[in-house]
Novice: 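Handing you a structure now.
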Amino acid sequence: MTLTERIKEKAYELGFDLVGVAPATRAPHADAYASWVDAGYAAAMGYMVRDVARRQDPCHVLPDARSVVVVGLSYFVANPPADLWDDPSRGRVARYAWGLDYHDVMTPRLRQLADFITRQARRDVQHRVYVDTGPVLERDFAVQAGLGFIGKNTCLINPTMGSYLFLGEILVGLELDFDEPAARPGVGGTRGRVGTCGACTRCLKVCPTRAFPAPYVLDGNRCISYLTIELKGSIPPDLRPLMGNWIFGCDECQAICPWPRRFAQPTRASFLRFDPNLAAPKLLDLMGLTDEQFRARFRGTPLWRAKRRGLLRNVAVALGNWGDPQAIPALRRALDDPEPLIREHAAWALAKLGPSAR
Ligand code: SF4
């Protein structure tokens, strides 16, 4: 077995579903990324604006980098019971967040893989491990490594597994055997199967906030995932009514996509499952959460990132969109919350419920 084959075998042994190797050269979409940032589509995600040059070329991160080992792990959990998932008195949480924080699970496994590479190479190999947090255009390298193609919804789509995939990378100072990259933008090859969006535009049409100004381009300013997770301040009032009951992330553009609908493979990761208290919690229960209760319930999960102020801001919007008078007492109590952000969104929700709710 070659070194690359041994690395791939180890990656599968560690529980990853996909693994491939790309050359550590300038990312194919480096210029498109800079244009995306220039257009303001990174919104308030300052880290994406600051690190443009580093993201364009992995050698700016690790000068000795020669290869990028890219891994994928399915996070698909079967569709939840409709009576819970379609209940507007419950919030919706994006699938990737239905359990422990994936960074905490993926990162140690990738470090184990990096240690394996060093041992197998019998010398100290320069490397960097990233799970979504580093300055790497990971989907570009995933395509180059043969893991799939980038869909019009900007997700990496694997023709045998769909798009509910966590990605991770190791930049390595070793020249490994590279996989076949995608033949052209929007088309990829994986284990003999190719994929493409073709004439489909479902994801572009289904997006509640119209966050795709063009195919393959996502305007972060309008994306519900950005609004509910990354945005720290006030949600633009014109977008609030469009957010429905999404309170942390959004899966609309993946849920409509024929590729995951047909090919998504249930996750093998035991840290993810449908628990209504995490994936579809009752909005009224959340609106009353104290700091202490928030910490006890969400520590160690991705929702921790939103903090109480962000989550309850989102919950207030969802209660306004629910439009049921049952929400009025909880929203009125929230008008006295010590956090101004929560008070502001509770007032908006009460106004949306009508003059008698104020
Ligand atoms: Fe491509 Fe259609 Fe999937 Fe969108 S919904 S990513 S256009 S296949």
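Counting convention: from 1, in listed order, for ligands and their atoms alike. Remember, it's a predicted structure, so these values are computed and weren't measured experimentally.
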Novice: Check Lys10 with Glu13, please: is the shortest side-chain N to carboxylate O separation under 4.0 Å?
Specialist: yes
Novice: May I ask you to say whether Arg92 pairs ionically with Asp86, meaning some side-chain N is under 4.0 Å from a carboxylate O?
Specialist: yes
Novice: Can a donor-acceptor pair be found between the side chains of Asp132 and Tyr102 at a distance below 3.5 Å?
Specialist: yes
Novice: For Glu344 and Ser234, does a side-chain donor sit closer than 3.5 Å to a side-chain acceptor?
Specialist: yes
Novice: Taking any residue with a non-hydrogen atom under 4.0 angstrom from an atom of ligand 1, which ones do you get?
Specialist: Gly151, Lys152, Asn153, Ile157, Cys197, Cys200, Arg202, Cys203, Cys257, Pro258, Trp259
Novice: If the plane angle is over 60° it's perpendicular, under 30° parallel, otherwise tilted; pick one for Trp85 and Trp246.
Specialist: perpendicular
Novice: Among residues at least two apart in sequence or on other chains, which ones pass salt bridge (Lys or Arg N to Asp or Glu O under 4.0 Å) with Arg268?
Specialist: Asp17
